[in-house]
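To start, the structure under review is shown below, and the notes come after it.
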Amino acid sequence: MKDYERGGGEKRINVPLLEENSSPATTLQLYHHDDIQDDLLSRVWIESKKLWHIVGPTIFSRIASYSMFIITQASAGHLGNLELAAIALSTTVIVGFCFGLLLGMASALETLCGQAYGAKQYHMLGIYMQRSCVVLTICAILLLPLYIFTTPILKLLGQPDDIAELAGLVTIWLIPLHFALALQFPLQRFLQSQLKTPIIAWVCLGALLSHTFLNWLVVHKLGFGVIGVAALSNVSWWAIVLGLFSYIVGGGCPETWTGFSMEAFSDLWGFFKLSVASGIMLCLENWYYRILVLMTGNLNNATVAVSALTVCMSINGLEMMVPLAFFAATGVRVANELGAGNGKAAKFASKVSAITSLIIGIFFCSLIMIFHEKLAIIYTTSDVVLQAVDNLAILLAFTILLNSIQPVLSGVAVGSGWQASVAYINIGCYYIIGLPLGASLGWFFHLGVRGIWSGMIGGTAIQTLILIIITMRCDWDMQAQNASSRMNRLSNSSGKP
């Protein structure tokens, strides 16, 4: 089929089937079509269609997946404030900590699989995916002590005894979910890099529907309590893994899946180092606001403070599925274009994605400000928690606005392979500036959770500004050359990174 590639004002045409058998009339039609598409609005429209082909199903699948956490927390919240706080610490801190690391490590596939797909080295995608599953499973085993010793860890971090003990019990029941994530992330990125996002959306929809029904049945009708809430989460997340795996091995990816291979166990150390660079970059972002919950747990009236902040973080996390979908789509688009040697097209894709995500962020920010008094109704009926959430609404709105840009820039970094460099930026902005500033405002200036959150927003703002400058000054032609060199090197070495 005819493949037109353009971006950033560069007039370029790539016509794989335009060979000696093509007629002059066909050639004239192609160039005439290229001329018609030359204006800015047409190029934005073409790129937007490519972007939304990924973004649309990804938003749906991410919202469906995250909604399972929302349903879990909402079910616990209607059992009581203690149960809500315990589930919050289990899913937001312990599971969230491991979630961030595994998610970050799996993002190495977004660079490798995305660029390999753009370079038409299809056979390498299955090898990379299997290798990532092996590496992430080993990492999941190494993280098990966090699940086993949750209660003493939370007590050491200053959490109240009753919350820490119940959270520890819940976390033990969430160990199967932990291993499901180690397989789910590589499977999703394998499909995502080859634009097979609709199947991810359908599988997540099925898991969400079953999760909703089972929560209603087991928790509200049969009365199994908070342990039942945790146990159901395992079933739902493993259903996603089995659904995606069945599609892949069942013939859904004939070009990129050629069966299990022993190459998945070769050069694991080299792949591990590459995954760690990606993991450090993204998990530092993911952990950042998990630490906010921990710091809040050390304030006075911790149960109300943690519950209110958890509601805000859940709403923020649900909305974040939109910019995170743009993060994924930007990474895929940039990686595909760089793998194909189209630096200008990668630059143009980044611009379109950033502007589109910002517009959506402004919309949701406005909704938060309009409905600030009613944000927590689906989570709790406690007047104290409802008022506490209302007091945090303005910070939530500003966080949503800021986060509409930052994930897109991180997607550019992942698609380009800048993970190691961005990791240093994240350390400086988040943990050297943001956390100390938040702690100072929270305790020294006695602003409580609002002060902690405000300081951490400052760190995010600085990080976003730095990434904007780096992206604007990027030499995209050089990035395309680097991607081409990387793909040639991997191909010549039989797929070993």
Side-chain angles (χ1 to χ4, degrees), residues 60-100 102-103 146-147 150 154 163-181 184-185 203-241 243 286 289-290 293 303 306-321 324 375-382 385 389:
F60 182 85
S61 61
R62 286 181 177 272
I63 289 178
S65 298
Y66 193 80
S67 293
M68 293 195 295
F69 280 120
I70 299 295
I71 292 170
T72 297
Q73 291 184 352
S75 297
H78 286 287
L79 294 173
N81 288 342
L82 177 62
E83 287 80 0
L84 175 59
I87 280 286
L89 285 176
S90 296
T91 59
T92 305
V93 177
I94 303 300
V95 175
F97 181 92
C98 299
F99 184 102
L102 295 174
L103 177 67
L146 292 178
Y147 283 75
T150 294
L154 292 178
I163 298 178
E165 289 174 3
L166 184 56
L169 178 61
V170 169
T171 307
I172 291 293
W173 279 87
L174 291 175
I175 289 178
L177 183 152
H178 172 63
F179 283 97
L181 297 177
Q184 177 186 335
F185 293 150
V203 170
C204 290
L205 173 61
L208 173 61
L209 293 177
S210 64
H211 186 71
T212 303
F213 172 74
L214 290 175
N215 264 271
W216 171 81
L217 177 64
V218 173
V219 178
H220 296 285
K221 293 298 180 180
L222 301 180
F224 276 85
V226 70
I227 299 303
V229 174
L232 287 176
S233 297
N234 299 323
V235 176
S236 301
W237 286 92
W238 269 102
I240 296 177
V241 173
N286 191 275
Y289 284 97
R290 312 290 178 182
V293 178
T303 300
V306 170
S307 297
L309 184 61
T310 298
V311 170
C312 289
M313 289 296 100
S314 295
I315 295 171
N316 178 63
L318 182 60
E319 192 281 333
M320 270 290 288
M321 297 304 102
L324 284 177
L375 295 176
I377 289 178
I378 65 171
Y379 293 91
T380 181
T381 56
S382 171
V385 176
V389 172

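What you see is a predicted model; the values in this text were computed from it and never measured.
- Residues F99 and F185 form a side-chain contact, since some pair of their non-hydrogen atoms from C-beta on lies under 4.5 Å apart.
- Rounding to the nearest 0.5 Å gives a distance of 9.5 Å between CH2 of W238 and CG of L181.
- To the nearest 0.5 Å, atoms CG (L177) and OG (S236) are separated by 9.0 Å.
- With rounding to the nearest 0.5 Å, the separation of CG in L209 from CZ in F213 is 11.5 Å.
- Expressed to the nearest 0.5 Å, how far OG1 of T150 lies from CG of L169 amounts to 10.0 Å.
- Separating the CG atom in L208 from the OG atom in S61 is a distance of 11.5 Å, to the nearest 0.5 Å.
- Within the model, atoms CD1 of I63 and CD of E319 stand 9.0 Å from one another, a figure rounded to the nearest 0.5 Å.
- Scanning both residues, V203 and A239, for their nearest heavy atoms gives CG1-O, 4.3 Å.
- Checking S67 against H211 by side-chain atom types alone, no donor-acceptor pair falls below 3.5 Å.
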H178 vs L102, side-chain contact (heavy atoms from CB on, under 4.5 Å): CA-CA, chis, key distance, verdict
CA-CA 9 Å; H178 172 63; L102 295 174; 4.1 Å; yes
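- Shown here for M321 and R62, the closest heavy-atom pair between the two residues is SD-O, 3.3 Å.
- Here the shortest heavy-atom pairing between A86 and A167 reads O-CB, 3.6 Å.
- Under the 3.5 Å distance criterion, the side-chain polar atoms of T171 are left unmatched by any main-chain donor or acceptor of Y147.
- Annotation for A164 and L154: closest pair CB-CB, 3.8 Å, computed over non-hydrogen atoms.
- Closest non-hydrogen pair, L174 versus S233, comes out as CD2-CB, 4.1 Å.
- When L214, I71, T72 are each tested for a side-chain contact (heavy atoms from CB on, under 4.5 Å) with L232, only one passes: L214.
- Looking only at side-chain heavy atoms (C-beta outward), M68 and I240 come within less than 4.5 Å of each other.
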